[in-house]
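Any value given below was found using the heavy atoms of this structure, including those in side chains, with hydrogens, waters and symmetry copies removed. Numbering of ligands and ligand atoms starts at 1, following listing order.
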Amino acid sequence: MTYASIKGTGGYLPERVVTNAELERLVDTSDRWIQERTGIRERRIVGEDQTCCDLAVIAASRALDAAGMKPSDIDLVTLGTCTPDRVFPSTACLVQRELGITPGAVAFDVGAACSGFVFALDVANRFILTGGARRALVIGAETMSRIIDWTDRGTCVLFGDGAGALVLEADDTPGILSTHLHTDGSFEDLLNVPWGVSQGYDKLEGSAGKLKMRGNEVFRVAVRTLGRIVDETLEANGLNKRDVDWLIPHQANIRIIQATAKKLGLPMDRVVQTVAEHGNTSAASIPLALDTAVRDGRIKRGELLLLEAFGGGFTWGSALIRY
Ligand code: UT7
């Protein structure tokens, strides 16, 4: 039996820290409101000349180092992002070039907003299980600050920039046990960027190209949906809630994370929480959280990890992994 196993993880946050106090000077908000309603204390923002690819390259290099591999060992790159450098080439292709990953390997972006990393992980897992790749770099990288309306207090306090990555390798010991993906396009109006290459391109003024969210409605669907996917994932593997060692959730809001942990009956010290330090980094948030807890020694080999994400589309997904 072949599995895709995690061989190394990496993460990167841009240097510039934006605190809640700084945002108090931009919009009508308060550190207290932001911390109470979201759990966020600060977020990181890219420099003017930094791109999504730049963040991804650093995170991916760190994951390769941790795996003891070279770029030439990699034959697949899947990269989840909703803030790519350009329309094309894909950011994954740019990462391939920057890192010197073997020409002729396969690299492409996966678009699923905040669930982008779990979707990219699912795709890479399928490549490995079907023999299409042996060693894959899976990346989540975002420059959310470029699509944020800095006059909208309902969204600008929530998001941040960053990248996380992991290296998967075909192995006969587990591994990714299962992945579960879902989407529902009928919720498009609750969370979107109402601008693109072939729609709204002629109306790009003011905040037209920026992220719009009806936060409270998104919140309620997210809590409901993530509760369901936790059950689906455990049932598919014939496992029980108490078998899960670590929940590694998408870091959007501490209250959503707490609701999912409660559903699992997991104490919060078994939940990796990084939302306070970097806010919602969309597709980067799960690999950043995973990397944090691997590097500080909390997550140990052999433990059972449950990853879950929810994002614009709506998209949602999970992965159950024996680390
Ligand atoms: O990652 C992709 C998925 N995204 C998410 O999961 C985000 C989901 N949503 C959320 O995390 C939460 O809904 C928010 C953090 C966005 C908002 O929290 P909430 O508890 O749902 O607040 P709300 O939208 O119901 O707003 C409550 C009040 C409103 O004022 P009124 O109408 O009661 O007077 C808002 O205008 O809070 C106000 N408000 C703010 N006040 C201070 C909204 N944003 C702010 C702010 N500072 N930044």
Is it the case that the side chain of D75 and the backbone of R134 share a donor-acceptor pair, with hydrogens and angles ignored and the cut-off at 3.5 Å? yes
Give the intermediate values and the outcome of side-chain hydrogen bond (donor to acceptor under 3.5 Å, both in side chains) for residues H250 and S285.
CA-CA 6 Å; H250 171 45; S285 88; 2.7 Å; yes
So the side-chain hydrogen bond (donor to acceptor under 3.5 Å, both in side chains) pairs with at least one residue in residues 258-273 (sequence neighbours excluded) are D231-K263
Does some non-hydrogen atom of the protein lie less than 4.0 angstrom from atom 39 (N) of ligand 1? yes
Any carboxylate oxygen within less than 4.0 angstrom of a Lys/Arg side-chain nitrogen, looking at D189 and R214? yes
- Does E232 come within less than 4.0 Å of R228, counting only side-chain N to carboxylate O? no
- Donor-acceptor side-chain pairing of S318 and T233 below 3.5 angstrom: yes
shortest atom 17 (C) of ligand 1-to-protein heavy-atom contact is with W33 CH2, 3.9 Å
Note: ligand 1 atoms sitting under 4.0 Å from heavy atoms of T38 are 15 (C)
Going by the 4.0 angstrom heavy-atom rule, the piece of N253 near ligand 1 is side chain
Closest heavy-atom approach to atom 21 (O) of ligand 1 among L226, L158, N216 is made by N216
Checking heavy-atom distances from atom 2 (C) of ligand 1 to each of S115, C114, G312, the winner is C114
- Step by step, would you call D28 with R153 a salt bridge (charged side-chain N to carboxylate O under 4.0 Å, His left out)? CA-CA 7 Å; D28 181 15; R153 70 174 182 174; 3.7 Å; yes
*Quick check: does G215 get an N/O under 3.5 Å from an N/O on ligand 1?*
yes
shortest atom 27 (C) of ligand 1-to-protein heavy-atom contact is with R37 NH1, 3.6 Å
Please confirm whether H250 comes under 4.0 Å of ligand 1, counting heavy atoms of the residue only. yes
Atoms of ligand 1 under 4.0 Å from any heavy atom of V157, numbered from 1 in the order shown, are 48 (N)
Report yes if the side chains of T78 and F108 come closer than 4.5 Å at any heavy-atom pair, otherwise no. yes
Check: Are a donor atom and an acceptor atom from the side chains of D109 and T81 found within less than 3.5 Å of each other?
Finding: no
Ligand 1 to F310, heavy atom cutoff 4.0 Å, flagged ligand atoms 1 (O), 2 (C)
Going by the 4.0 angstrom heavy-atom rule, the piece of N280 near ligand 1 is side chain
Q. Does I256 come within less than 4.0 Å of ligand 1, judged by its heavy atoms?
A. yes
Heavy-atom proximity to atom 30 (O) of ligand 1 ranks first, among R255, R220, R153, for R153
the protein heavy atom lying closest to atom 47 (N) of ligand 1 turns out to be T29 OG1, 2.6 Å
request  = Indicate the ring-plane relationship of F314 and F187, choosing parallel, tilted or perpendicular according to the 30° and 60° boundaries.
outcome  = parallel
the protein heavy atom lying closest to atom 3 (C) of ligand 1 turns out to be V218 CG1, 3.8 Å
Report task. Ignoring hydrogens, tell whether any protein atom lies closer than 4.0 Å to atom 13 (O) of ligand 1; use the non-hydrogen atoms only. Result -> yes
message: Are there over 12 heavy-atom neighbours, none belonging to R242, within less than 6.0 Å of that residue's CZ?
response: no
### Message
I'd like to know if atom 6 (O) of ligand 1 has any protein heavy atom within a distance of less than 4.0 Å.
### Response
yes
Here the atoms of ligand 1 under 4.0 Å from any heavy atom belonging to M213 are 4 (N), 7 (C)
Practice item. Scan side-chain atoms only and decide if E142 and T281 contain a donor-acceptor pair under the 3.5 Å cut-off. Key: no
